[in-house]
Amino acid sequence: MIISSPYTQHNPRLTAVRWIVGTGLCVLLFALFRVQVLSSDRYISRLAEQSLRRIRIPAARGEIVDRHGVVLASNRPSYDIALYLEQLITDPKHQNVVTLATRSLRALSRAMGLPVKLTAEDISNQYSLRRPLPLPVWRDVNAAAVAAFVERASTLPGADLIVTPVREYPQGTLAAHVLGFTSKAQSFDQEAELERYYYYQPDNVGRQGVELACDDFLSGEPGGKTIMVSPGGTKVRELGDKRAVRGHRVVLTLDARIQRVVENAMASAAQPSGRAQCGAAVVLDVRTGEVLAMASLPTFDPNVFSPGTPPEVIRTLWSDPNKPTLNRAYGGAYAPGSTFKPVTLLAALESGAVTMDRVVDCRGSLQIGRDARPFGCWLRSGHGPLNAWGAIRQSCDVWFYTAGLACGVDTIDRWASAFGFGEPTGLDIGREYAGLLPSPAWKWRDRRERWWDGDTAQLAIGQSFLLVTPIQMAVMAAALANGGNVLRPFVIKRIEEPTGELVQETPPLIRRRVPASTAHFEDVRRAMLGAVQAEDGTAHRAFVPGFNVAGKTGTAEYDLHVGGTVRRINRAWFIGFAPFDHPQLAVAVVFEDAASGGHTAAPVAGKIFAGIYGKQIGTITGGGGD
């Protein structure tokens, strides 16, 4: 006989449990149906987003060439030895990536005979943030190191040889300051890049010169590839890629041959013993404003910024007190000295205050107002009686003191402004210094001092507070040569697609006209011709036999403060143009610490003209001085 338990016949508690369990199962089944059926597309998409990684691949930068197609900047392959950390890990839960990587790096170092400078933090950051990407161990290794690695590659797990493009300057230091240099981008410039790419490999970006000015064109369009990774972040496979597009080609106005002539002439300058070779030179086409050459001393090799260069080498370059990376042609400001006298002469002639035949008896100095000390001429013994022709030829300060006082500071300022002094020239590369064109209003506003006649006299000979750049002086020389057209100088001639298709071209531009009469322009020009051609001319050492060069020297005194002491140095200048009858080129040369314009800058200018036009220079006597 079977006896039923009352608890099994009807138990309300058990019935409630059954309902709760059954309801829970129904909810669970519905949830699974919703996830797996109704929302499957959304979760599949999310899974893809979590497992797919987009890697940005930088483009190769475009070439920079001179006006004749000579390559000044291009790319070369860099052979880098790198480590793939994900290939070292077989059990992520029980293996330490830093320990494994350190062990592998020691083996690499022994095999290659090269020291490893990576830290545990470098390894950890790479594994956490950029695991599918290679960790560079050595960049830009030489051919011997590549051969050693290839021989031992099979015994070095996780190591690989990677080829990447590196910026190369095949002409070395030639036109270094115009070209500039590149380095890896330190940060993301666009938030969109962060959104588009999970792993970001930075581009080489321009840091100076043409590389910086044309960076948007040179950098090209980055490519990319998509990879699938495991939940642990390890790469499973590649799904596709997009090729990077090479950057545009930039054609410069520079002529590599002329650039080399200028740099060699600058390097050969006769400098006083113990003085640094610091200065700049510019060669302009007087018809268009094209910069045919631009040199700055001291110079540097832009190849030094390649990835394989030891950091201490670059630190030494940046800490050099002579600032070798500074382009003094547009970033250095100097008093022009007597090279400003053609402007003063033109201003005085146009005002009617003087004529070319006006004679002043120079006795070595001139008393001005109540100044206790007379204003001296560079030739302390005096030049004797001189008219304007002789005053330019022999650079007589006393004659120009009187001319400046006769026409007044406002007249000098007005004509100097017409030549573009006190403002940037519009050069298309670099941050250009505007210089300083002083005036009574400026002196009161800036110094709370009144303007004196002595200030006018000093301005008339290119000193006082006047500051100019070599590119401004080249533009001035070009304007004297072409009859008054103040040109915008430019370096970037045109930009082309990699296929050669024209993107844009820079047209010549006349910024303004100097409104002087043709007769007065011709007077000033012929006076400058005499300064070079005549044996007693201060610029005679720029003389080129059988070739007519017009020019003017200048020597501006400057007090150099070093370590609590003051040393007086000379800024040595030459400006000029040639050939005289049909001018083509204007030249400006300056040395920061030299003997004088006549002894230092003029011979360099002579070598520049002779080298450009294929002339010979013999031993030149005479000349020199201011």
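Position 1 is the first residue of the sequence; numbering continues from there.
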inquiry  = Walk me through whether R315 and D320 qualify under salt bridge (Lys or Arg N to Asp or Glu O under 4.0 Å).
reply    = CA-CA 9 Å; R315 282 197 296 268; D320 189 327; over 6 Å; no
Would you check if the side chain of [X] reaches a backbone N or O of [Y] as a donor-acceptor pair within less than 3.5 Å?
X    : Y    : result
W573 : A335 : yes
N570 : A572 : no
S296 : L326 : yes
Q472 : A434 : yes
N322 : P324 : no
Q584 : P579 : no
N75  : R61  : yes
S268 : A265 : yes
N327 : G331 : no

Less than 4.5 Å apart, any side-chain heavy atom of [X] and any of [Y]?
X    : Y    : value
Q277 : P298 : no
Q208 : T325 : yes
F574 : T600 : no
V514 : V486 : yes
R67  : L292 : yes
L179 : I64  : yes
H599 : D626 : no
V251 : I495 : no

Looking only at the side chains, is there a donor atom on one of [X] and [Y] sitting less than 3.5 Å from an acceptor on the other?
X    : Y    : answer
R513 : N485 : yes
T425 : E432 : yes
K341 : S338 : yes
S395 : T538 : no
S183 : R207 : yes

Answer yes when [X] and [Y] have at least one side-chain N-carboxylate O distance shorter than 4.0 Å, and no when they do not.
X    : Y    : value
R511 : E423 : yes
R568 : D559 : yes
R76  : E63  : no
R328 : E592 : yes
E290 : K493 : yes
D122 : K117 : no

task = Just do the side-chain contact (heavy atoms from CB on, under 4.5 Å) check on V250 and L252 with the steps written out, would you?
result = CA-CA 6 Å; V250 176; L252 305 184; 3.8 Å; yes
Starting at [atom1] of [X], measure out to [atom2] of [Y] and round the result to the nearest 0.5 Å.
X    : Y    : atom1 : atom2 : answer
N482 : F577 : CG    : CZ    : 9.5 Å
L317 : E312 : CG    : CD    : 13.0 Å
F421 : I412 : CZ    : CD1   : 12.5 Å
N264 : K607 : CG    : NZ    : 10.0 Å
F181 : S306 : CZ    : OG    : 12.5 Å
L437 : L459 : CG    : CG    : 7.0 Å

request  = Could you pull out all residues at least two apart from R260 that satisfy salt bridge (charged side-chain N to carboxylate O under 4.0 Å, His left out)?
outcome  =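 Per chain and number, R260 pairs via salt bridge (charged side-chain N to carboxylate O under 4.0 Å, His left out) with no residue.
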Minimum heavy-atom separation for [X] and [Y], please, with both atom names.
X    : Y    : answer
G206 : D215 : N-OD1, 2.9 Å
T555 : A595 : CG2-O, 4.3 Å
L436 : F465 : CD2-O, 3.3 Å
P302 : T173 : CD-CA, 4.4 Å
A605 : A542 : CB-CB, 4.4 Å
A329 : M294 : CB-CG, 3.5 Å

task = Please confirm whether R571 makes a cation-pi placement over Y334, using NZ or CZ under 6.0 Å from the six-membered ring centre and within 45° of the ring normal.
result =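 Output no; distance or angle outside limits.
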request  = Cation-pi check, R525 to F580: give yes when NZ or CZ is under 6.0 Å from the six-membered ring centre and within 45° of the ring axis, no otherwise.
outcome  =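 Ring-cation test returns yes.
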message = So for atom NE2, which belongs to H582, do other residues, nucleotides or ligands contribute more than 12 heavy atoms lying within a distance under 6.0 Å?
response =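 No, not enclosed.
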message = Would you say CD of E221 has more than 12 non-hydrogen atoms from neighbouring residues, nucleotides or ligands within 6.0 angstrom?
response =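 Atom CD in E221 is not crowded, with 12 or fewer foreign heavy atoms closer than 6.0 Å.
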query = For the residue pair Y613 and F547, does the interplanar ring angle fall in the parallel (under 30°), tilted (30 to 60°) or perpendicular (over 60°) class?
reply =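 Ring orientation, 0 to 90° scale: tilted.
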inquiry  = Applying side-chain contact (heavy atoms from CB on, under 4.5 Å) to L427 and V491, what does each step give before you reach the verdict?
reply    = CA-CA 7 Å; L427 185 69; V491 169; 4.1 Å; yes
ask   = Yes or no on side chain to side chain donor-acceptor pair (under 3.5 Å) for Y169 and E211, after CA distance, side-chain angles and deciding distance?
value = CA-CA 12 Å; Y169 302 90; E211 293 280 22; 2.7 Å; yes
inquiry  = Go through it in stages, so that I can follow the logic: the residues are E496 and V503, the test is side-chain contact (heavy atoms from CB on, under 4.5 Å), and I'd like the CA-CA distance, side-chain angles, deciding distance and then a yes or no.
reply    = CA-CA 5 Å; E496 302 171 345; V503 175; 5.6 Å; no
Stepwise side-chain contact (heavy atoms from CB on, under 4.5 Å) check, I492 with T253 = CA-CA 6 Å; I492 301 163; T253 61; over 6 Å; no
